[in-house]
> 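Have a look at this one.
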Amino acid sequence: MATIGNFDSSEVKKENQLFSRFKTLVETAFYGNNVTHLANLQQAYENATQVPGTIVTDLPVKHTKDLGLPEEAKMLIFNDGKVVGRTAAARVVIGHPGVDSDYYQGILREALYQSSKQNFYSAEIIVGLDEKFMVKGHVTVPEGFENNLYSYLLNFQMVNEQWQQRYEDSVSYKENDIYLFADPNWQHPDFPYGLALFDPEHNVAAILGLRYFGELKKATLTLAWATAHRNNYVACHGGIKQYHLPDNKKYTMAAFGLSGSGKSTITLTKHGGKYKVDVLHDDAFIINRDTGATIALEPSYFDKVQDYPLSHATVDYYLTMQNVGATKDKSGKTVPVLQDIRNGNGRTVKSRYVTENRVDVLDDKLDAVFWIMKDDSLPSVVKVEDPILAAVFGLTLATKRSTAENIVEKIDLTQLVIEPYADPFRAYPLAEDYRNFRDLFNKNKIDCYILNTGAFQGKDVTPKVTLSSIENIINEDTAFEPFGTVKEMSYLPIKGYEVDFSNEEYVEKIKARLQNRLDYILKENDENEGYDALPKETEEAMRHVLEEL
């Protein structure tokens, strides 16, 4: 088996490093007589339909047999309250500087005791859709949140007979199974925004006081990515696809960006049928550090609905929806109200069948990485030639926050923020990701591009501009021009988005944004006791670009 969920009696001892206080606390909660195990999706669906507040729409689910659902299954809607996004302020990682392990053990013990007065459901999933990397996961949530559990079991691969056999045939890792405990009803005066508590080394997490479904999804991925990272993979929060071109050529690309940046649009677009395209995933995958092969972690897609009216073809593949409206159509059927009319960050879990050519593994190495930014000092498409600089721009990926996040502090959402590799879910030192991406670029000769999907010189960069630029790159129909005096960078000229390096104000803007990146690198050397300190070469690479300008 891939990961470890059962132990020989001789292994259950303090000296076994797979055990920890946090793992034991969380796992123990799964075995109480207040926990009912769910064995199949049919029961999860039926339970979800019976929860007060669930809206059973009149829209049928497609591919019910393939998904393991009742033939009559309908799309479900369930809405949260005020909070409709992930709460980064709730996140605490054991082992990080300044985190008092003893204190959080006490908080967790009391939370688990209080939760024992509720009834829970548990279920099992597999994270990783190829025998080369599979992690078994266990989740438990209380009654009243059956919709979150149902969405969770759709988002990941629920264990069934077929997948259990594949799991038993998969590569073994000396790693724990994932155990995820969730109690959205939990309250504590010291944690007004909830608590997402992780012990990534032992693959356990407790999500307390947080209703939003995305917390469960990203908590599981946090642990799975950390497991992959420890076992010779690069953890990736991005989308990846492969184009089939004439003469049996292929082009494999990955796009990295935060929710709302265009990552899913870029990954899932069909380009008007111009190409046969295989899609691996639009959010979560891993790259083998030796071979460059990639593996998807989830079968389904958890995407925003803001760009899709009810009449859009993609709606046919929705399974569940969160934080959207409902209305009656002319025939009296209950249907969803999408496009964030009700509130920001309306979401859906949609099935793998929304993409015609969905694959779970790509054995071909990447041809290109696209960092998606919203830095208006950058043209729509920039190419970066040097492997170190390519990894540094991913390290200093500049973007903007979106409604996908529940921002508790007062910040200007229009301001740029740096989110390294578009991954706010990292549970290990940042320098390790930097080295992995640098080595990928260097060893595998991967091209690097920056896509500005925000605005350039006050003009919005439209999806059409971005997608047509990608098509031109794939077709090798481009003529990049030098990025001013920077030898390692060039840009793609696009009509209406002219770049003028003789404009002193524009050049100063570029310098200011590059300086922000340098400042970020320097800051990481000191913050959190240097936990995310970066190699000297990252600072030197950014200083070099500034000097060339």
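Positions are given from 1 along the sequence. Keep in mind that this is a model prediction, so the values were computed, not measured.
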> Please say whether more than 12 non-hydrogen atoms of neighbouring residues, nucleotides or ligands are located less than 6.0 Å from OH in Tyr308.
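Counting neighbours around OH of Tyr308, more than 12 heavy atoms of other residues, nucleotides or ligands fall under 6.0 Å, so yes.
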> To the nearest 0.5 Å, tell me how far Leu268 CG sits from Arg358 CZ.
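Taking CG in Leu268 and CZ in Arg358, the distance rounds to 9.5 Å.
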> With rounding to the nearest 0.5 angstrom, report the CG to CD distance, Asp360 to Glu131.
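The CD atom of Glu131 is 10.0 Å from CG of Asp360, to the nearest 0.5 Å.
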> Taking atom CG of Leu153 and atom OG of Ser300, what is their separation to the nearest 0.5 Å?
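Rounded to the nearest 0.5 Å, the CG-OG separation comes to 10.5 Å.
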> Quick one: are Leu180 and His138 in side-chain contact, heavy atoms under 4.5 Å?
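Leu180 does not reach His138 side chain to side chain.
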> What verdict does the salt bridge (charged side-chain N to carboxylate O under 4.0 Å, His left out) test give for Lys350 and Asp303, after you've listed the backbone C-alpha separation in whole Å, the side-chain angles of each residue and the deciding distance to 0.1 Å?
CA-CA 8 Å; Lys350 54 189 177 185; Asp303 288 337; 3.4 Å; yes
> Does some side-chain heavy atom of Val159 sit less than 4.5 Å from a side-chain heavy atom of Gln164?
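Contact flag for Gln164/Val159 side chains = yes.
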> For the pair His188 and Phe191, name the ring-plane relationship: parallel under 30°, tilted 30 to 60°, perpendicular over 60°.
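Plane angle over 60°, so perpendicular.
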> Between Thr453 and Lys374, what is the shortest heavy-atom contact and its length?
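Shortest heavy-atom separation between Thr453 and Lys374 comes out as OG1-CE, 3.8 Å.
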> Heavy atoms, side chains only, cut-off 4.5 Å: are Ile450 and Asp375 in contact?
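They are not in contact (no side-chain heavy atoms under 4.5 Å apart), so the answer is no.
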> Answer yes or no: does atom CD of Glu527 have more than 12 heavy-atom neighbours from other residues, nucleotides or ligands under 6.0 Å?
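Above 12, so yes.
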> Passes salt bridge (charged side-chain N to carboxylate O under 4.0 Å, His left out), Glu201 versus Arg230? Steps please.
CA-CA 9 Å; Glu201 184 180 345; Arg230 292 191 294 268; over 6 Å; no
> What do you reckon, is CZ of Arg21 surrounded by more than 12 foreign heavy atoms closer than 6.0 Å?
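Atom CZ in Arg21 is not packed in, count stays at 12 or less.
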> Could you give me the CA-CA distance, side-chain angles and deciding distance for Asp278 and Lys241, then say whether salt bridge (charged side-chain N to carboxylate O under 4.0 Å, His left out) is met?
CA-CA 6 Å; Asp278 293 335; Lys241 65 198 298 187; over 6 Å; no
> Just verifying a value: how many Å separate Thr3 OG1 and Asp177 CG, rounded to the nearest 0.5 Å?
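Going from the OG1 atom of Thr3 to the CG atom of Asp177 covers 4.0 Å.
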> Hey, mind stepping through Glu298 and Lys217 against salt bridge (charged side-chain N to carboxylate O under 4.0 Å, His left out) and telling me if it holds?
CA-CA 10 Å; Glu298 311 162 291; Lys217 169 186 159 74; 2.5 Å; yes
> At what distance, to the nearest 0.5 angstrom, does CD1 of Ile266 lie from CG of Leu451?
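Answer rounded to 0.5 Å: 5.0 Å.
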> Between Gln322 and Asn79, is any side-chain donor less than 3.5 angstrom from a side-chain acceptor?
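Asn79 and Gln322 do not have a side-chain donor-acceptor pair below 3.5 Å.
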> With under 30° as parallel and over 60° as perpendicular, where do the rings of Phe285 and Phe256 fit, or are they tilted in between?
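Correct class here is tilted.
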> State whether Lys263 and Asp283 are salt-bridged, where the test is any N-O pair (Lys NZ or Arg NE/NH1/NH2 against Asp/Glu carboxylate O) under 4.0 Å.
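Here Lys263 pairs with Asp283 in a salt bridge, since their nearest N and O are under 4.0 Å apart.
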> Heavy-atom distance under 4.5 Å between the side chains of Val204 and Asn176, does that happen here?
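A side-chain contact is absent here, since even the closest heavy-atom pair is not under 4.5 Å.
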> I would like to know whether Phe198 and Phe22 meet ring pair (Phe, Tyr, Trp, His ring centres under 6.0 Å); could you show each step before the answer?
CA-CA 9 Å; Phe198 295 85; Phe22 285 99; over 10 Å; no
> Would you check if Val417 and Tyr520 make a side-chain contact, meaning some heavy-atom pair closer than 4.5 Å?
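Counting from C-beta outward, Val417 and Tyr520 never come under 4.5 Å.
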> Do you know the tightest heavy-atom contact between Ala182 and Phe120?
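Minimum heavy-atom separation between Ala182 and Phe120: O-CE2, 3.3 Å.
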> Any idea which heavy atoms bring Ala48 and Asn147 closest together, and the distance?
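Nearest heavy atoms, Ala48 then Asn147: O-ND2, 3.5 Å.
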> Are Met134 and Val127 close enough that some pair of their side-chain heavy atoms sits under 4.5 Å apart?
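Answer no - side chains too far apart.
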> Give the C-alpha distance, both sets of side-chain angles, the deciding distance and a yes or no for ring pair (Phe, Tyr, Trp, His ring centres under 6.0 Å) between Tyr179 and His202.
CA-CA 9 Å; Tyr179 287 89; His202 297 93; over 10 Å; no
> Grab the two heavy atoms, one from Ala123 and one from His37, that are nearest each other, plus how far apart they are.
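Residues Ala123 and His37, closest heavy atoms: CA-CE1, 3.8 Å.
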> Taking the inter-plane angle between the rings of Phe370 and Tyr449 on a 0 to 90° scale, is it parallel (under 30°), tilted (30 to 60°) or perpendicular (over 60°)?
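If you compare the ring of Phe370 with that of Tyr449, the planes turn out parallel.
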> For Tyr212, is the NZ or CZ atom of Arg86 found under 6.0 angstrom from the centre of its six-membered ring and inside 45 degrees of the ring axis?
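No - Arg86 does not lie over the ring of Tyr212 by the 6.0 Å and 45° rule.
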> Evaluate the criterion side chain to side chain contact (heavy atoms under 4.5 Å, CB included) for residue pair Cys236 and Ile287; output intermediate values, then yes/no.
CA-CA 8 Å; Cys236 300; Ile287 306 173; 3.6 Å; yes
> Is Arg211 close enough and on-axis enough to Phe145, meaning under 6.0 Å and within 45°, for cation-pi?
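Ring-cation test returns no.
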> Starting from the C-alpha separation in whole Å, work towards a yes-or-no answer on ring pair (Phe, Tyr, Trp, His ring centres under 6.0 Å) for Phe213 and Phe78.
CA-CA 10 Å; Phe213 165 71; Phe78 196 81; over 10 Å; no
> Have a look at Asn323 and tell me which of Asp80, Thr348, Asn343 forms a side chain to side chain donor-acceptor pair (under 3.5 Å) with it.
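Only one option passes, and that is Asp80.
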> Which heavy atom in Asn525 sits nearest to a heavy atom in Leu534, and how many Å separate them?
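Looking at all heavy atoms of both residues, the closest pair is OD1-N, 3.1 Å.
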> Could you walk me through whether Asn436 and His229 pass the side chain to side chain contact (heavy atoms under 4.5 Å, CB included) check?
CA-CA 9 Å; Asn436 285 344; His229 173 78; 3.6 Å; yes
> Using distance only, find each side-chain donor-acceptor pair of residues 421-428 under 3.5 Å and give its atom names and separation, not counting sequence neighbours.
| from | atom 1 | to | atom 2 | distance (Å) |
| --- | --- | --- | --- | --- |
| Tyr421 | OH | Ala391 | O | 2.8 |
| Asp423 | OD1 | Phe425 | N | 2.9 |
| Arg426 | NE | Asp433 | OD2 | 2.7 |
| Arg426 | NH2 | Pro420 | O | 3.0 |
| Arg426 | NH2 | Asp433 | OD2 | 3.3 |
| Tyr428 | OH | Asp433 | OD1 | 2.9 |
| Tyr428 | OH | Asp433 | OD2 | 3.4 |

> Could you state the interatomic distance from CZ (Phe393) to CE (Met542), rounded to the nearest 0.5 Å?
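Atom-to-atom, Phe393:CZ and Met542:CE are 4.5 Å apart.
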